[in-house]
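This one's a predicted model, so the numbers in the text were calculated from it and none came from an experiment.
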Amino acid sequence: MIERPQPTEVASYYFTYINQVTGDDPIAESQLLFSKISEEKSLHRYAPEKWSIRQVLNHVTDTERAFAFRALWFARGFDTPLPSYDQNVAATGAEANHISWAAHVEEFRGVRLSTISLFRNMPPQAWMRSGIASGNPFTVRAVAYIIPGHVAHHISLLRERYL
């Protein structure tokens with residue numbers, strides 16, 4: 001078990017996600033939730049200008065990839081700051097509604113397994129290495145909490161607004 005990050009390890013905004021991480025497994029919870037969503041339902045938007053469920057899952061998957069890369073970059077000792085990640089640019093470029101729901105679910109599962117493997121094999125000294133992304137400081141440990149917290153955040157929004 002990796003200790004929770006301290007407020008000095010990441011910008012306060014990211015505690016929105018870090019604080020979502022509890023003893024529960026947001027990944028197991030997501031698999032159960034995703035299995036209940038049909039191909040047709042996955043195109044649902046709760047309002048005209050909002051993302052569809054497919055776009056939400058694509059966003060979660062893409063964001064996990066981006067943050068896993070940040071963790072890898074910092075853990076391996078690179079010191080060059082990383083650029084911002086614009087979720088709206090990524091969402092537009094993905095064209096997620098043209099990909100089947102089943103493919104999105106499988107892609108998320110594969111990305112998640114890769115992220116878990118990255119953190120399982122993280123050298124002990126790497127957890128407190130840090131770097132800058134989007135103009136904000138991050139430790140590897142903070143990123144390890146942000147990722148599942150981001151998943152939990154969106155699962156909550158899917159339940160509240162979409163399902």
Side-chain angles (χ1 to χ4, degrees), residues 1-5 7 9-72 82-120 122 133-136 138-163:
M1 181 71 160
I2 304 303
E3 290 183 34
R4 296 184 76 76
E9 295 180 43
V10 69
S12 60
Y13 164 81
Y14 292 98
F15 278 89
T16 301
Y17 303 121
I18 292 167
N19 291 338
Q20 298 270 332
V21 179
T22 64
D24 298 328
D25 180 358
I27 304 312
E29 185 179 357
S30 68
Q31 296 294 60
L32 181 63
L33 177 67
F34 298 157
S35 69
K36 295 178 182 179
I37 298 172
S38 69
E39 288 288 332
E40 182 180 343
K41 179 71 174 178
S42 71
L43 291 167
H44 171 70
R45 300 169 189 263
Y46 72 88
E49 298 300 315
K50 296 300 181 179
W51 287 344
S52 69
I53 294 172
R54 287 186 197 186
Q55 290 171 309
V56 170
L57 182 54
N58 186 81
H59 161 72
V60 168
T61 303
D62 278 358
T63 301
E64 180 149 338
R65 280 188 174 110
F67 273 92
F69 177 75
R70 289 175 176 182
L72 174 70
L82 295 173
S84 295
Y85 174 79
D86 186 324
Q87 66 183 15
N88 294 313
V89 170
T92 300
E95 299 183 21
N97 286 335
H98 300 293
I99 300 167
S100 74
W101 177 243
H104 279 293
V105 172
E106 184 58 29
E107 182 178 9
F108 170 75
R109 184 177 176 279
V111 169
R112 188 65 210 158
L113 290 173
S114 176
T115 301
I116 290 167
S117 181
L118 171 67
F119 288 122
R120 277 195 183 137
M122 191 68 61
S134 301
N136 293 298
F138 292 86
T139 63
V140 172
R141 177 169 74 175
V143 175
Y145 274 81
I146 291 167
I147 292 170
H150 182 254
V151 174
H153 168 75
H154 282 287
I155 288 172
S156 178
L157 291 176
L158 284 171
R159 282 199 165 107
E160 291 170 18
R161 297 180 184 169
Y162 290 83
L163 304 175

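Under the 4.5 Å side-chain criterion, counting only non-hydrogen atoms from C-beta, Asn136 is not in contact with Tyr13. Contact check for Leu158 versus Phe34: side-chain heavy atoms found under the 4.5 Å cut-off. The shortest distance between side-chain heavy atoms of Asn19 and His153 does not fall below 4.5 Å. Side-chain contact between Tyr85 and Arg70: present, with at least one pair of heavy atoms (C-beta onward) separated by less than 4.5 Å.
Using modelled atom types, no side-chain atom of Arg54 and backbone atom of Ala96 make a donor-acceptor pair closer than 3.5 Å. Using modelled atom types, no side-chain atom of Ser114 and backbone atom of Gly110 make a donor-acceptor pair closer than 3.5 Å. For Ser156 (side chain) and Ala152 (main-chain N/O), no donor-acceptor pair under 3.5 Å exists by modelled atom type. In this structure, Thr63 contributes its side chain and Val60 its backbone to no donor-acceptor pair below 3.5 Å. Glu39 places a side-chain N or O within donor-acceptor distance of the main-chain N or O of Trp101, the cut-off being under 3.5 Å.
Taking each heavy atom of Pro148 and Val21 in turn, the nearest pair found is CG-CG2, 4.0 Å. Nearest heavy atom pair, residue Val140 against residue Ala71, reads CG2-O, 3.7 Å. In this structure, Ser35 and Leu32 approach most closely via the heavy-atom pair OG-O, 2.8 Å.
The distance from atom CG of Leu118 to atom CZ of Phe67, rounded to the nearest 0.5 Å, is 14.0 Å. Leu57 CG to Ile155 CD1: the interatomic distance, rounded to the nearest 0.5 Å, is 9.5 Å. A distance of 12.0 Å separates NE2 of His44 from CZ of Arg161, quoted to the nearest 0.5 Å. In this structure, Phe138 CZ and Leu82 CG are separated by 9.5 Å, a value rounded to the nearest 0.5 Å. If you take OH on Tyr145 and CZ on Phe15, they are separated by 10.5 Å, rounding to the nearest 0.5 Å. In this structure, the separation between CD on Glu107 and CZ on Arg65 is 4.5 Å, given to the nearest 0.5 Å.
Within 6.0 Å of the CD atom in Glu40, the count of heavy atoms belonging to other residues, nucleotides or ligands does not exceed 12. When the shell of 6.0 Å around NZ of Lys41 is examined, it contains more than 12 heavy atoms from other residues, nucleotides or ligands.
Ring planes of Tyr14 and Tyr17: tilted class, angle from 30 to 60°.
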Evaluate side chain to side chain contact (heavy atoms under 4.5 Å, CB included) for Gln55 paired with Arg45, printing each intermediate quantity in order.
-> CA-CA 9 Å; Gln55 290 171 309; Arg45 300 169 189 263; 3.4 Å; yes
Evaluate side chain to side chain contact (heavy atoms under 4.5 Å, CB included) for Arg112 paired with Ile147, printing each intermediate quantity in order.
-> CA-CA 9 Å; Arg112 188 65 210 158; Ile147 292 170; 3.2 Å; yes
Verdict with supporting geometry, Trp51 and Asn58, side chain to side chain contact (heavy atoms under 4.5 Å, CB included) | CA-CA 10 Å; Trp51 287 344; Asn58 186 81; over 6 Å; no
Evaluate the criterion side chain to side chain contact (heavy atoms under 4.5 Å, CB included) for residue pair Ile146 and Ile18; output intermediate values, then yes/no.
-> CA-CA 5 Å; Ile146 291 167; Ile18 292 167; 3.8 Å; yes
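Aromatic rings from His104 and His59 are positioned such that their centres are separated by 6.0 Å or more.
Judged purely by distance below 3.5 Å, without hydrogens or angles, the side chains of Glu64 and Thr115 pair a donor atom with an acceptor atom.
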